[in-house]
Amino acid sequence: MPELIEVELYRKSAARAVGRTISSVTLPNLTYLKGTQGLDALQSATHNQNLNQVRRKGKLLILDIGDRSLGLRFGMTGRLVVDGKTPIERLLYTTPKVQRNHIRFVMTFAQGSELAMVDPRGFGNIELQPDETKLGPDAANISRQELGVSLKNSNATLKARLLNQQKISGLGNLLCDEILWRAGLDPRRPCRSLKERELDLLASSIKRTIKVLTQRGGSHVGDIQDQRRKTGICPKDGSELHRCSLGGRTTWWCPEHQR
DNA sequence: ATTGTGGCCTGCCCGC
DNA sequence: TGCGGGCAGGCCACAA
């Protein structure tokens, strides 16, 4: 469940390797390489090149290498390990143990040490020159006006739209539920039904929730996280939370105050 | 075009 | 006790 908050931690962790020279990359399973460029292209694009910068857009971590870019996607269970350290030991829905066959990608530096991706379920991938324009504005920086554009004229449910990385990037299932719970908005609402005042609320809830959960240390430490289960109770008003599937993801919300 | 669904894959938990 | 089914959710291919 690496969402924007976790990937931002990965970015900071990877930043320690900026300025190093890449001596080799290892990809135990070729299916982990996504896109049109093959292994040869990846190797020649990285060999003896410098890691110039590390950026993030949504859940995509971007390594600028020489004059190329390499995108890292972590799927549900992907962790970044830099110089043998990972900023997140415990990830929801997966084990903290590092198994050899879960190592999906290793970048070795001439200066020593390495940057690696560990991903038990293998839903993540890497891609040379990922198309960053496919991603909507980053949720951590999205403006009120951009949010309006992302949601307007859509019949999709609010929840599904917030999960759509092309419209707004970086939010995953847990963050979405927390954001909507805090904003008091029903996740099943069609986007186009939102009033201006409600969009204001949503925009500030996105900002606030990301800030608070970043301080707490992850997407999984929201106020309703412990209640995302059968007979879970709304921490605000004590109502029993409802559950349904929206955008293909399990959604929990409070029928009392989320309207 | 837009929106919804299923499947990828592994590990954990629950019930029989 | 041990096993198997269900579930977790990021993302893509595909369906309606």
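In what follows, every chain begins at residue 1, and chains take the letters A, B, ... in the order their sequences are listed.
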Contacts of type ring-ring contact (aromatic ring centres under 6.0 Å, His included), residue F74(A), not counting sequence neighbours: Y10(A)
For H257(A), all residues meeting ring-ring contact (aromatic ring centres under 6.0 Å, His included), sequence neighbours excluded: W181(A)
Do R228(A) and dA8(C) have a side chain to base donor-acceptor pair shorter than 3.5 Å? no
Between T250(A) and dA8(C), is there a contact of a side-chain N or O with OP1 or OP2 at under 4.0 Å? yes
How would you summarise protein contacts on nucleotides 1-6 of chain B per nucleotide, using B for base, S for sugar-phosphate only and - for none, with heavy-atom distances below 4.0 Å? --S---
Rounded to whole angstrom units, what separation is found between the CZ atom of R121(A) and the P atom of dC11(C)? 13 Å
Would you kindly give the CZ-to-C1' distance between R104(A) and dC9(B), to the nearest whole Å? 8 Å
Separation between CG of L174(A) and OG1 of T209(A), rounded to the nearest 0.5 Å: 12.5 Å
Give a yes/no on whether any side-chain N or O of K134(A) is located under 4.0 angstrom from OP1 or OP2 of dC11(C). no
Could you summarise the pairing of DNA chain B as dot-bracket text, marking Watson-Crick and G-U pairs under 3.5 Å with ( ) or [ ] inside the strand and | across strands? .|||||||.|||||||
What is the distance, rounded to the nearest whole Å, between atom NE2 of H220(A) and atom P of dA8(C)? 18 Å
G172(A) near the nucleic acid: base, sugar-phosphate alone, or nothing, with a heavy-atom cut-off under 4.0 Å? sugar-phosphate
Would you find a donor on one side and an acceptor on the other, under 3.5 Å apart, between the side chain of Q53(A) and the backbone of V18(A)? no
May I have the distance from W252(A) (atom CH2) to dA8(C) (atom P), rounded to whole angstrom? 8 Å
Between protein and nucleotides 12-16 of chain C, what N or O pairs are separated by less than 3.5 Å?
residue : atom : partner : partner atom : Å
dC12(C) : OP1  : K34(A)  : NZ           : 3.3

Whole-Å P distance, dC9(B) and dC3(C): 24 Å
For Q165(A), enumerate each residue passing the side-chain hydrogen bond (donor to acceptor under 3.5 Å, both in side chains) test, keeping only those at least two apart in sequence or located in another chain. none
Tracing side-chain links under 4.5 Å among I, L, V, M, F, W and Y, which residues wind up in one group with L60(A)? I62(A), L135(A)
Apart from L241(A) itself, its cluster of hydrophobic side chains linked below 4.5 Å comprises W252(A)
Figure out the NZ/C1' separation between K230(A) and dA8(C), and round it to whole Å. 16 Å
For R229(A), what residues pass the side chain to side chain contact (heavy atoms under 4.5 Å, CB included) criterion, not counting sequence neighbours? Q227(A), T231(A)
Starting at CG of L61(A) and ending at P of dG10(C), how long is that distance when rounded to a whole Å? 17 Å
For the P atoms, the ones on dG11(B) and on dT1(C), what distance do you get once it is rounded to whole angstrom? 23 Å
Tell me every residue that passes side-chain hydrogen bond (donor to acceptor under 3.5 Å, both in side chains) with S169(A), counting only those two or more places apart in sequence or in another chain. none
State which residues pass side-chain hydrogen bond (donor to acceptor under 3.5 Å, both in side chains) with S143(A); sequence neighbours excluded, sorted by chain then number. E146(A)
With sequence neighbours excluded, give me every salt bridge (charged side-chain N to carboxylate O under 4.0 Å, His left out) pair touching residues 147-171 of chain A. K159(A)-D177(A)
If I take atom CG in residue L60(A) and atom C1' in nucleotide dG10(C), what distance separates them, rounded to the nearest angstrom? 13 Å
Return no unless some side-chain N or O of R243(A) is found under 4.0 Å from OP1 or OP2 of dC7(C). no
Phosphate contact (dG11(B) OP1 or OP2) by H102(A) side-chain N/O below 4.0 Å: yes
N or O in side chain of R249(A) less than 4.0 angstrom from dG10(C) OP1/OP2: yes
In E114(A), M107(A), Q111(A), the residue satisfying side chain to side chain contact (heavy atoms under 4.5 Å, CB included) with I22(A) is M107(A)
Nearest to the Q99(A) side chain among dT10(B), dG11(B), dG10(C), which nucleotide is it? dG11(B)
Answer yes if the side chains of T21(A) and N50(A) hold a donor-acceptor pair under 3.5 Å, and no otherwise. yes
Gap between atoms CG and P, on D177(A) and dG10(C) respectively (whole Å): 10 Å
